[in-house]
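Down below is the structure, laid out as structure tokens.
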2 protein chains.
Amino acid sequence: MTPHSPSPRSRRERPAKPALTRAGIVATAVELMRAEGLERVTMRRLAQELDTGPASLYVYVRNTAELHAAVLDELLGEVDLSPVRSAGDWRDRLARLLTSYVEVLFEHPALARSALVARPSGEHYLDLVEAVLALLAEGGAAPERAAWGLDLLLQYGTATAAEHSTRAESADAQRDREALTAVLDNSSPDRHPQITALGPDLIAGAGEARLAWGFQVLLSGIVTAPDPDTTPAAGTGADAGTGAGAGAGADKNSAPDTATDTTP
Amino acid sequence: MTPHSPSPRSRRERPAKPALTRAGIVATAVELMRAEGLERVTMRRLAQELDTGPASLYVYVRNTAELHAAVLDELLGEVDLSPVRSAGDWRDRLARLLTSYVEVLFEHPALARSALVARPSGEHYLDLVEAVLALLAEGGAAPERAAWGLDLLLQYGTATAAEHSTRAESADAQRDREALTAVLDNSSPDRHPQITALGPDLIAGAGEARLAWGFQVLLSGIVTAPDPDTTPAAGTGADAGTGAGAGAGADKNSAPDTATDTTP
DNA sequence: ACCTGAACACCGTTCAAGT
DNA sequence: ACCTGAACACCGTTCAAGT
């Protein structure tokens, strides 16, 4: 029974206290999130789960944000990348890929929120980026266009997931919706004629269709909009880029990378 | 000097303790945020500023989220709505309006973050929504298209602002960027050929131009993409909506409001 | 009826002191 | 050299008890 010699009956009925490693910490964090939600994945709670003090975690993880980023990357392993190498139109396959990404994040909106602030850089995230770029390239997007388009697409997916409220907050979310509905009902036709006219259309849910339409809009726009270089910052010229976007869009859509608008 | 009779020299050199009102609380919260950042606008810190205990605030404000929402709406009063009634192409004016929105949020990214979760419903927010809808209507967008487009545009602006790190976090943000750069440098051409090929293009900053291009993409897409009703959820058909978006786009752009896609 | 002191149940992060 | 107990400096929210 001395601290040095293990007692005869300690034939590891329970792993007792496995050595701390970064991988082990992250794995436990993922488990904890699955069981209790990201809001419970705190340094203190996690340390408790690992039978140690919170200070010990700081040997392996810089801070809470980094921990959450690691958890996120782990989760991104679940994204279905198969559309990249499947048959069919690149737009549809890209939409399927991104929908899978959003579905994974939907399970943990708080994680999506953190992804919006601290850009991830894990292995699984890179696989996702690679996949999106491959499909954009297949669609003929020139490098810069693809890089910027990637940002737009992932940001849209991430933000959409982030907007979804966690179960815990759903009571508040419902209050939000009620408040907005009340405001819309009371909207004055004088001050807010457009809002009054649209009415309930403004909060028409149909989340799935909305998400799909958003991807369509982005894909059309990414292929169609004028070349990044020629787009002036808003607030400059009054007629710059006016109809050029969709005007030349039809042509450019056929061969986006051969567009001539690099020269204004 | 008795508690009841005011002492002669108390000719309100300091307002002592103004009665609590919701408006007063929110005004103080805005001041506090301007002075110390949103992260300091906590119930406890705010109560201290108002010379009372945190419990007192709960008489006027449901919780911290609602407080932050009220602060946000106050801030949105600074958005420049003049592009709605100015001359020029509706796209450029809409871009200017949204750029102003983003500029206001850029000052307080944490507030943008909260806007992403709890959708605002204050007066100033409604004014902004009304303005965006008016410009979309001017561009000939049909009601449903306008409603969905509104969401896309505001979400893009909000998310872009939310991504910007607060001063306090800028050290972390820089580390993020360094980490990402390191990852890109080490990216293997085998596993991530697209990423390796694009290289530094992926993190090319030029925030202003990127934002402007994003608005262009969205506006092109909103006008151009197939009708919301006809957009199938991703993962369904393989050829649905393939080229229809930009294909019919050129026509639709000339007279978007006379488009016949209400009837499939 | 209206307001609030004090308590409950938590946080992240650091650092001096241990092994 | 590596690890961590204990402390510092905070949080949001509730509710019983006061005026």
Side-chain angles (χ1 to χ4, degrees), chain A residues 2-5 16-26 28-29 32-33 35-71 110 113-114 117-118 165-173 175, chain B residues 2-4 16-26 28-29 32-33 35-71 110 113-114 117-118 165-166 168-173 175:
Chain A
T2 62
H4 291 103
S5 59
K17 204 175 167 180
L20 283 183
T21 60
R22 200 190 139 97
I25 288 171
V26 173
T28 308
L32 187 55
M33 181 187 65
E36 309 186 7
L38 187 73
E39 64 276 9
R40 293 283 183 230
V41 184
T42 66
M43 294 303 235
R44 292 181 107 105
R45 181 74 182 75
L46 183 56
Q48 175 187 317
E49 205 70 17
L50 289 162
D51 248 317
T52 182
S56 308
L57 302 183
Y58 285 83
V59 179
Y60 307 94
V61 167
R62 193 189 301 276
N63 52 36
T64 308
E66 196 193 287
L67 174 68
H68 287 179
V71 168
R113 246 111 68 189
S114 81
V117 184
S165 36
T166 323
R167 280 140 290 174
E169 301 163 342
S170 71
D172 291 313
R175 254 196 284 272
Chain B
T2 63
H4 290 102
K17 202 175 167 180
L20 283 184
T21 60
R22 200 189 139 95
I25 288 171
V26 172
T28 307
L32 188 55
M33 182 187 64
E36 309 186 8
L38 187 73
E39 64 275 11
R40 293 283 182 228
V41 183
T42 67
M43 294 304 235
R44 292 181 107 105
R45 181 72 183 74
L46 182 56
Q48 176 188 317
E49 205 70 17
L50 289 162
D51 248 316
T52 181
S56 307
L57 302 183
Y58 284 82
V59 179
Y60 306 95
V61 167
R62 192 188 301 275
N63 53 34
T64 308
E66 197 194 286
L67 174 67
H68 287 178
V71 168
R113 246 110 70 190
S114 82
V117 184
S165 37
T166 322
E169 300 163 342
S170 69
D172 292 312
R175 254 194 284 271

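Protein chains get the first letters and strands the later ones, always in sequence-line order, with residue 1 at the start of each.
Rounding to the nearest 0.5 Å places CD of A:Gln48 at 14.5 Å from CE of A:Met43. In this structure, the separation between CZ on B:Arg40 and CG on B:Leu32 is 9.5 Å, given to the nearest 0.5 Å. The CE atom of B:Met33 sits 9.0 Å away from atom NE2 of B:His68, with the distance rounded to the nearest 0.5 Å. One distance of note links OG of B:Ser56 with CG of B:Leu50; it measures 9.5 Å at 0.5 Å rounding.
Counting only Watson-Crick and G-U wobble pairs whose two key distances fall under 3.5 Å, DNA chain C forms stems of three or more stacked pairs at C:4-8 with D:12-16, C:12-16 with D:4-8.
Among residues two or more places apart in sequence or in another chain, the side-chain contact (heavy atoms from CB on, under 4.5 Å) test is passed with A:Ala47 by A:Thr52, A:Pro54, A:Leu57. Listed by chain and residue number, nothing satisfies the side-chain contact (heavy atoms from CB on, under 4.5 Å) test with A:Ala69 (two or more places apart in sequence, or in another chain). In this view, A:Glu66 and A:Arg22, A:Val61, A:Arg62, A:Asn63 satisfy the side-chain contact (heavy atoms from CB on, under 4.5 Å) rule, not counting sequence neighbours.
Residues from residues 54-61 of chain B that place a heavy atom under 4.0 Å from any atom of DNA chain C, listed by number: B:Ala55, B:Ser56, B:Val59, B:Tyr60.
For DNA chain D, the outermost nucleotides in 5' to 3' order that have an atom under 4.0 Å from a heavy atom of chain B are D:dC11 to D:dC15.
Proximity of a side-chain donor or acceptor of A:Tyr60 to a complementary backbone N or O of A:Ile25 within less than 3.5 Å is not detected.
The separation of D:dA9 from C:dA9, taken at their P atoms, amounts to 24 Å, rounded to a whole angstrom.
Positionally, the nearest nucleotide of DNA chain C for A:Arg40 lies more toward the 5' end than for the other of A:Arg40 and A:Asn63. When the nearest nucleotides of DNA chain D are assigned to A:Arg44 and A:Thr52 by heavy-atom distance, the more 5′-ward of the two goes with A:Thr52.
For the pair B:Ala29 and B:Val41, the tightest heavy-atom approach, listed with the atom from each and the gap, is O-CG2, 3.8 Å. Nearest approach of B:Leu46 to B:Thr28, heavy atoms of both residues: CD1-CG2, 3.9 Å.
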